[in-house]
Amino acid sequence: MHTKTVLISGASIAGPALAYWLDRYGFDVTVVERAPELRPGGQAVDFKGTTHLTVLERMGILDAVRDRQTGGGDMVMVDDNGNPRSLISGDFTGGDVEILRGDLAELLYTRTAESCTYVFGDSVRALTDCADGVRVEFEHGPARTFDLVVGADGVHSRVRRLAFGPERDHVRHRGYYYCLANSATGPRRTDGPRREVSYAHNTPGKLAVSGGPKAEQLYMFAAPELDYARDDEQAQRRIVKETFAGVGWEVPRMLVELDEAADFYLDSLSVVRMPSCVTGRIALVGDAGYGNTLAGFGTGLAVVGAYVLAGEFALAAGDHTVALPRYDEIMQRYNQIAGSSNPGRFLAPKTRMGIRVRDWFVGSSMFELMIKFGDRGANDIDLRDYPTLVEAPETTDAPASRH
């Protein structure tokens, strides 16, 4: 192989998924994660359609995902008094199987920790793409040179910023923010296909959701780009409380409980637009390269992208000049489904008329057609059976995991 050593930045979903496949094909994989440990909890994520489920099955984790699945379920839109206005089907809000993000990350981590090197509490500080590799400087650890570097570090990717330019050149604000909040336990898992109902309330430009499988609380609101520190959680909580102050229904109770939420996350709805996800010996996978927040395909795209990137490298015997353009070509077409929708405009219309039209739409046959169109998009890829095309070499001296 031309490529032997690979650094992956990010240990959420895309990173460990890519580590699984690269390790299978005999690459020496290091995963660096700025968090001090694997992140538990988080919202529920879902997989939809044959393509997503096929990749999970080929990884050998589909049954484990189903064992840990949350219930999925419908979202009932209610008025100020809690009376139903409309119902958004769980076929739209969820997928064929749904799992907490933290549970999925743990499944992927446990299948790679013994044969791949994990470095927690560190991050990439600088990248220099050279003829014989990428020199990587870390915030804490010593500099090293890798044959390939992959950014799997989300919408706010540091690898993308270092290799492709500032975030403002590639990430577009969609005019909304969202907040997820859970207690220490988070949304409940189920032992089967039981569906849980969530209840949601709209005022113009705002959405508050209570209960259900995605998160114990979900807020969404229209706003221009806000100036706040991403590491100042108390300031972010104040933004949510001030934005939803005065909103009726159960929102006052929810805002009181928000103070006690152990798992809190606020971010913008943003879409990543990249003319190419590769440059030199550096590539992006998952949200770092083709994210669209809460659009419904992000986790599936991340897992499929990891599968394709590793498979193309194995087919090319590690030659990045062959593998990376092929990966980019395949994913640029497939990931168009990620950038085609703005969930903010649908879930939190900015006018009362917009809310009424949305409520009418979700009860119409056109809504069912939209769901079917999305299902087709999730499967719109010629998924190669890389495990049968490439015979994985024997590995005898895999590096040990370290924290």
Side-chain angles (χ1 to χ4, degrees), residues 1-33 51-62 64 104-105 107-119 132-134 136 144-152 159 277-278 280-286 288-289 300-331 334 381-401:
M1 293 185 191
H2 300 293
T3 298
K4 295 181 180 179
T5 59
V6 181
L7 174 71
I8 301 171
S9 175
S12 179
I13 305 301
L18 179 60
Y20 171 86
W21 289 112
L22 289 174
D23 175 64
R24 175 188 177 92
Y25 297 137
F27 295 86
D28 181 349
V29 181
T30 298
V31 183
V32 62
E33 166 59 50
T51 296
H52 294 178
L53 299 185
T54 296
V55 174
L56 295 180
E57 186 173 29
R58 290 177 183 175
M59 295 180 75
I61 65 170
L62 180 56
L104 179 58
L107 286 175
L108 296 170
Y109 172 76
T110 56
R111 283 160 174 77
T112 54
E114 292 187 1
S115 54
C116 300
T117 301
Y118 279 80
V119 181
D132 59 348
V134 183
V136 182
R144 289 182 57 189
T145 298
F146 296 86
D147 295 318
L148 175 71
V149 171
V150 180
V159 169
C277 290
V278 304
R281 294 173 176 266
I282 302 169
L284 303 173
V285 66
L301 278 168
V303 171
V304 172
Y307 174 82
V308 172
L309 178 57
E312 291 299 325
F313 256 97
L315 284 181
D319 187 344
H320 72 280
T321 66
V322 175
L324 290 185
R326 178 59 182 157
Y327 158 75
D328 199 40
E329 177 186 354
I330 294 171
M331 293 305 297
Y334 183 50
I381 184 174
D382 181 15
L383 193 67
R384 285 184 168 184
D385 190 2
Y386 294 111
T388 62
L389 291 171
V390 182
E391 183 178 355
E394 295 293 330
T395 56
T396 58
D397 55 351
S401 171

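Not measured: the values here are computed from a predicted model.
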Open item on the list: Could you work out, with side chain to side chain donor-acceptor pair (under 3.5 Å) as the rule, every residue matching Asp328, not counting sequence neighbours?
Closed with: Ser276, Gln332

Open item on the list: Restricting to non-hydrogen atoms, name the atom on Ala302 and the atom on Val285 that form the minimum distance, rounded to 0.1 Å.
Closed with: O-CG2, 4.2 Å

TODO: Check Ala283 against Leu324 and note the closest heavy-atom contact, atom names and distance.
DONE: CB-CD2, 3.8 Å

Open item on the list: Once side chain to side chain donor-acceptor pair (under 3.5 Å) is applied, do any residues pair with Tyr327, and if so which ones, sequence neighbours excluded?
Closed with: Tyr290

- [ ] Could you pull out the closest heavy-atom pair between Cys277 and Gly289, with the gap in Å?
- [x] SG-O, 3.6 Å

Task: Flag side-chain contact, heavy atom, 4.5 Å: Phe146 against Val136 - done: yes

Task: Listed partners of Thr145 passing side chain to side chain contact (heavy atoms under 4.5 Å, CB included), at least two apart - done: Arg135

Open item on the list: Nearest 0.5 Å, please: how far is CZ in Arg111 from CG in Asp23?
Closed with: 13.5 Å

Task: Pairwise side-chain contact, Asp385 with Arg58, heavy-atom cut-off 4.5 Å (strictly under) - done: yes

TODO: List for me each residue that meets side chain to side chain contact (heavy atoms under 4.5 Å, CB included) alongside Ser9, sequence neighbours excluded, and say none if there are none.
DONE: Val32, Val124, Asp153, Val159

Task: Test item: Val303 and Met59 side chains (from C-beta on) under 4.5 Å apart, heavy atoms - done: yes

TODO: Measure across Thr110 and Leu107 and return the closest heavy-atom pair with its distance rounded to 0.1 Å.
DONE: OG1-O, 3.0 Å

- [ ] For the residue pair Tyr386 and Tyr25, establish whether any side-chain heavy-atom pair is separated by less than 4.5 Å.
- [x] yes

TODO: Test side-chain contact (heavy atoms from CB on, under 4.5 Å) on Arg144 and Thr30 and set out the steps.
DONE: CA-CA 11 Å; Arg144 289 182 57 189; Thr30 298; 3.7 Å; yes

- [ ] For residues Lys4 and Asp147, determine if any side-chain heavy atom of one lies less than 4.5 Å from a side-chain heavy atom of the other.
- [x] yes

Task: Shortest non-hydrogen contact between Ala152 and Ala14, atoms and distance - done: CB-CB, 3.9 Å

- [ ] Can you measure from CG (Leu7) to CZ (Arg281) and round to the nearest 0.5 angstrom?
- [x] 14.0 Å

Task: Beyond-backbone contact of Ile330 with Arg384, side-chain heavy atoms, under 4.5 angstrom - done: no

TODO: Please report the shortest heavy-atom distance between Leu108 and Ile13, naming the atom on each side.
DONE: CD1-O, 3.5 Å

TODO: Could you tell me whether the side chain of Val304 reaches within less than 4.5 Å of the side chain of His52, counting heavy atoms only?
DONE: yes

- [ ] Find the distance between OG1 (Thr51) and CG (Leu301) and round it off to the nearest 0.5 Å.
- [x] 10.5 Å

Task: Separation of Phe27 CZ from Ser115 OG (nearest 0.5 Å) - done: 14.0 Å

Open item on the list: Applying side chain to side chain contact (heavy atoms under 4.5 Å, CB included), can you list everything that pairs with Ala323, at least two apart in sequence or on another chain?
Closed with: Glu312, Phe313, Ala316

Open item on the list: Just to verify, what does Ala19 make a side chain to side chain contact (heavy atoms under 4.5 Å, CB included) with, not counting sequence neighbours?
Closed with: Ile8, Val29, Val31, Thr112, Cys116, Tyr118

